[in-house]
Amino acid sequence: MKRAVISDIHANLEALQAVLADIEREQVDEIVCLGDVVGYGPDPNECAQLIQQRCTFSILGNHDAAAIGTLSTANFNVHARRAIEWTTKEMNRHTQSFLKTNPLKKILGDCLCVHATPYEPNMWHYITTYQDAQVNFEYFEQRICLVGHTHIPVMIGWEHPSVYLHQKSSLSLAHFPHNRFIINVGSVGQPRDNDNRSCYVIMDTGRESFYYRRVEYDIERYQEKMERIAMPSFLITRVAEGI
Ligand code: ZN
């Protein structure tokens, strides 16, 4: 079975449409979403509708939670907060009720899916260091944990007793029979690894393999829409730089 794992769409419809077209070419059996469908971008309702139609499930992200009012924006930076305020007003009832039903985690065979971290998934911690990863490996039983949240695609391996970076854009589990992995699938709508192309992961359960896909989309069109709704200029320029 082939499955596409997408995350952090952030209401970027141009990016989501380009990724869905790429997924179509990959001929997957299923698409799942790790959350942050909304926040930052100009098309929360269109993106939520597409995600609902095309994905088997979507996990709740911190921007989703803030947009439906279950998470305070006190810890958000000023740009993110401004975007959430706009999003909250813009969302229709359908989008709100969809986001409200999304769970904090989901198990897919030997994979745990969360938005941020397996440890306290409702606290929106980040995995940015080896130490963060080490702690989190203790909080899931499955072999693989799929995450989003940082918008940085990375595969972190665990081989008793320590963690390491798997520095490749693909992973075949057969080559690592004693290892477990945390895989960050990257971001569709706001990549931050200095590559402005959308990012997502294909997992092939038969081959027990994972690989990243990078997809170009119409960034200028997205930026024009952002300007029209007067979003902060930082949010408009960052997508072109992939930061
Ligand atoms: Zn995000």
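Asp8 and His10 share a side-chain donor-acceptor pair at under 3.5 Å. For the residue pair Arg221 / Gln223, no side-chain donor-acceptor distance below 3.5 Å is found, with atom types taken as modelled. When only modelled atom types and interatomic distance are considered, Thr150 and Asn184 share a side-chain donor-acceptor pair under 3.5 Å.
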Would Asp193 and Arg214 count as a salt bridge (Lys or Arg N to Asp or Glu O under 4.0 Å) here? Give the steps. CA-CA 12 Å; Asp193 61 331; Arg214 299 303 295 237; 2.8 Å; yes
Does the pair Asp43 and Tyr222 meet the rule for a side chain to side chain donor-acceptor pair (under 3.5 Å), with working shown? CA-CA 9 Å; Asp43 291 306; Tyr222 172 78; over 6 Å; no
Apply side chain to side chain contact (heavy atoms under 4.5 Å, CB included) to Val38 and Leu99, showing your working. CA-CA 9 Å; Val38 303; Leu99 294 178; 3.9 Å; yes
Run the numbers on His94 and Gln49 for side chain to side chain donor-acceptor pair (under 3.5 Å), then give the verdict. CA-CA 8 Å; His94 198 77; Gln49 195 182 0; over 6 Å; no
Give the C-alpha distance, both sets of side-chain angles, the deciding distance and a yes or no for side chain to side chain donor-acceptor pair (under 3.5 Å) between Asn45 and Thr95. CA-CA 6 Å; Asn45 296 316; Thr95 301; 2.6 Å; yes
Working note: Tyr211 + Asp204, criterion side chain to side chain donor-acceptor pair (under 3.5 Å); need CA distance, chi angles, decisive distance, verdict. CA-CA 9 Å; Tyr211 56 90; Asp204 188 327; over 6 Å; no
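For CE of Met1, the number of neighbouring non-hydrogen atoms (other residues, nucleotides, ligands) closer than 6.0 Å is greater than 12. The number of heavy-atom neighbours closer than 6.0 Å to CG of Asn75, taken from other residues, nucleotides and ligands shown, is 12 or below. More than 12 non-hydrogen atoms from other residues, nucleotides or ligands lie less than 6.0 angstrom from NZ of Lys2. Counting non-hydrogen atoms of other residues, nucleotides and ligands closer than 6.0 Å to CD of Glu216 gives a total of 12 or fewer. Counting non-hydrogen atoms of neighbouring residues, nucleotides and ligands closer than 6.0 angstrom, the CD atom of Gln27 reaches no more than 12 such neighbours. Counting heavy atoms of neighbouring residues, nucleotides and ligands inside a 6.0 Å radius, atom CD of Glu141 does not exceed 12 of them.
For Phe176 and Phe181, the distance between ring centers is under 6.0 angstrom. Here His125 and His149 keep their ring centres 6.0 angstrom or further from each other.
Geometric assessment of Arg180 against the ring of Phe140 yields a positive cation-pi assignment under the 6.0 Å and 45° thresholds.
Ile202 is listed as a side-chain neighbour of Arg213, based on a closest heavy-atom distance under 4.5 Å. Annotation: side chain of Val5 is not in contact with side chain of Phe210 (no heavy-atom distance under 4.5 Å).
The aromatic rings of His63 and Tyr40 lie tilted to each other, with the angle between the two planes from 30° to 60°. Ring planes of Tyr139 and Tyr119: tilted class, angle from 30 to 60°.
Nearest heavy atoms, Arg81 versus Phe76: NH2-O, 2.9 Å.
Of the listed residues (Glu220, Glu46, Glu14), just one forms a salt bridge (charged side-chain N to carboxylate O under 4.0 Å, His left out) with Lys225, and that residue is Glu14. Looking at Gln142, Lys106, Met203, Arg143 one by one, the single match for side chain to side chain contact (heavy atoms under 4.5 Å, CB included) with Cys111 turns out to be Met203.
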